[in-house]
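Since the structure comes first, as structure tokens, the remarks are kept for the end.
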Protein chains: 2
Amino acid sequence: MAQSDTVDRILDAAEELFAERGFSETSLRMITSKAKVNLAAVNYHFGSKNALIHAVFARFLTPFSSTLETAFNNLEERCDGQPPTLNQTLWALTESAVRMPQRNEKGISIFMRLLGLAYTQSQGHLRKFLEQEYSQPFSRFMRLLKESTPQLSAVDRYWRIQFMLGATAFTMSSSDALRDILQNKLGVETTVQEIAARLVPFLAAGMQAEDPLLMMPTFGKTSVA
Amino acid sequence: MAQSDTVDRILDAAEELFAERGFSETSLRMITSKAKVNLAAVNYHFGSKNALIHAVFARFLTPFSSTLETAFNNLEERCDGQPPTLNQTLWALTESAVRMPQRNEKGISIFMRLLGLAYTQSQGHLRKFLEQEYSQPFSRFMRLLKESTPQLSAVDRYWRIQFMLGATAFTMSSSDALRDILQNKLGVETTVQEIAARLVPFLAAGMQAEDPLLMMPTFGKTSVA
DNA sequence: GTCTGTTTCAAACATACGTTTGATAGTTGA
DNA sequence: TCAACTATCAAACGTATGTTTGAAACAGAC
């Protein structure tokens with residue numbers, strides 16, 4: 001056949017293995033044997049392992065960033081010139097992620113875990129790739145966040161955004177494990193949608209906390225300006 | 001000399017390289033050449049690379065967990081039978097981390113980044129090692145958190161603790177990079193102490209947010225019980 | 001000084017990795 | 001039917017990894 005499914009089989013296998021083991025810890029031989037294709041197929045179709053990593057991200061990040069764009073458009077339209085509230089901004093992002101068409105039932109957790117890995121694993125080439133390919137929706141989200149939290153100083157906002165990213169990336173990146181633990185400990189089933197529903201108010205409350213430096217106890221030497 | 005400093009030189013180099021590159025991405029040859037010792041020294045003194053990773057963690061986790069123990073003792077003494085507040089519990093942990101005696105100026109960020117990596121990189125042996133060596137202070141912190149947030153259901157508390165861990169581990173694991181960015185963008189200097197001072201109120205506010213499931217918009221199909 | 005145990009060192013080992021090769025099969029368009 | 005192109009495959013390549021070896025250097029005790 002003209003357009004073989006080898007490419008997709010490789011992407012599926014790579015996506016899953018990367019998500020559960022990380023990039024350096026996943027070899028091309030694991031990927032190709034899981035995908036039931038020849039070892040050389042990766043280099044033939046993608047060129048290199050790094051290019052395969054990029055392709056895995058591009059496959060879900062490209063549709064996601066356009067979904068996100070329309071979500072942000074809708075939000076700004078609904079707000080009619082007014083800045084959106086923090087909750088609205090966060091929900092726009094969350095719903096876009098949760099609503100993404102998924103290839104299988106594990107789709108959303110893999111998606112999240114890969115995003116978390118992208119931040120965490122210090123793969124220079126990946127960060128560069130993501131920055132130059134997807135900087136636009138990212139900046140737009142940042143701008144919306146800024147409008148949603150006019151009471152924060154730039155420095156406060158900066159750090160709190162990092163805290164939000166951390167809570168999100170970490171939780172989602174290990175959501176499978178965390179769900180299993182909860183299932184065993186308390187016998188509770190949890191969906192990714194539910195995790196998101198718990199995460200957003202947590203983040204919103206954190207973003208809107210009182211002035212951070214007021215409630216700090218004095219350290220040995222207080223180095224706060 | 002009877003007790004050579006080779007062991008410490010290896011630990012110093014390994015700690016720094018692990019922190020900035022991750023475990024799989026750091027080879028024994030990088031470590032030994034940075035430490036200026038022979039390649040075989042690692043296997044001679046530690047037995048294996050994994051054992052070296054464990055030793056790196058043990059070197060700062062063991063004193064830290066005893067610092068933590070006294071901090072928790074003090075806290076419970078001060079509270080005199082009453083459960084501590086959430087802010088007190090979080091500060092007890094934070095101050096212990098910040099006050100740890102450090103080998104050098106980079107000590108605290110390396111410490112934090114390694115903790116973040118321990119969570120993030122799915123090194124099975126590491127997780128097992130940490131669980132069986134340091135489960136006690138961890139459980140104690142969890143118990144204090146539980147007493148500090150009696151208003152939360154077990155499930156809510158579970159997820160919010162994960163969110164806290166994520167925000168902390170992620171921020172700390174990339175604190176150097178984040179500080180640099182802030183320095184370049186806004187010309188602001190930041191200490192680790194200051195990051196902690198911003199993080200704690202963020203976490204406390206998130207933990208004490210309103211009932212999460214109330215403010216969720218309806219998804220396509222609402223899967224929340 | 002010699003013996004004993006410990007530590008260092010250069011070299012090699014076996015294995016795993018990403019990548020390349022060259023032959024073979026399959027498909028397409030004239 | 002034949003040529004041109006594309007895709008697959010087994011095999012090999014070069015390199016890097018963690019680990020082991022056996023000899024050399026060093027230490028302290030007698």
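Letters go in sequence order (proteins before strands), and every chain restarts at 1. Just so you know, these numbers come straight off a predicted model, no measurement behind them.
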Task: Rounded distance in Å - CZ (R21(A)) to P (dA16(C)) - done: 13 Å
- [ ] Compute whether any side-chain donor of one residue and acceptor of the other, for T171(B) and Q162(A), lie under 3.5 angstrom apart.
- [x] no
- [ ] State whether T6(B) places a side-chain N or O below 4.0 Å from either non-bridging phosphate oxygen (OP1 or OP2) of dT8(C).
- [x] yes
TODO: Summarise protein proximity over nucleotides 11-21 of chain D in one line of letters, 5' to 3': B for base, S for sugar-phosphate only, - for none, counting protein heavy atoms closer than 4.0 Å.
DONE: -B----BBBBB
Open item on the list: Let me check I have this right: for DNA chain C, each base becomes ., (, ), [, ] or |, based on Watson-Crick or G-U pairs with both distances under 3.5 Å. What is the full string?
Closed with: ||||||||||||||||||||||||||||||
Open item on the list: When you measure from the side chain of R113(A) to the backbone of A19(A), do you find a donor-acceptor pair of N or O atoms at a distance under 3.5 Å?
Closed with: yes
Task: Atom-to-atom span, CG of D5(A) to P of dT6(D) - whole angstrom - done: 19 Å
Task: Results of ring pair (Phe, Tyr, Trp, His ring centres under 6.0 Å) for F64(B) - residues two or more places apart only - done: F111(B)
Open item on the list: A quick test of your reading: do over 12 heavy atoms of other residues, nucleotides or ligands sit less than 6.0 Å from CD of Q136(B)?
Closed with: no
TODO: Look at the side chain of T70(B) and the backbone N and O of T67(B), then say whether any donor-acceptor pair between them is shorter than 3.5 Å.
DONE: yes
Open item on the list: Please check: side-chain N/O of R160(B) versus main-chain N/O of F202(A), any donor-acceptor pairing under 3.5 Å?
Closed with: no
Task: Spacing between D8(A) atom CG and dA7(D) atom P, to the nearest angstrom - done: 13 Å
Open item on the list: Any side-chain N or O of H45(A) below 4.0 angstrom from OP1/OP2 of dT8(D)?
Closed with: yes
Open item on the list: So, taking the atom named CG in L144(B) and the one named CD in E76(B), what distance separates them when rounded to the nearest 0.5 Å?
Closed with: 5.0 Å
Open item on the list: So, taking the atom named OG in S24(B) and the one named CZ in F23(A), what distance separates them when rounded to the nearest 0.5 Å?
Closed with: 12.5 Å
Task: Integer-rounded Å distance: dC9(C) P and K36(B) NZ - done: 13 Å
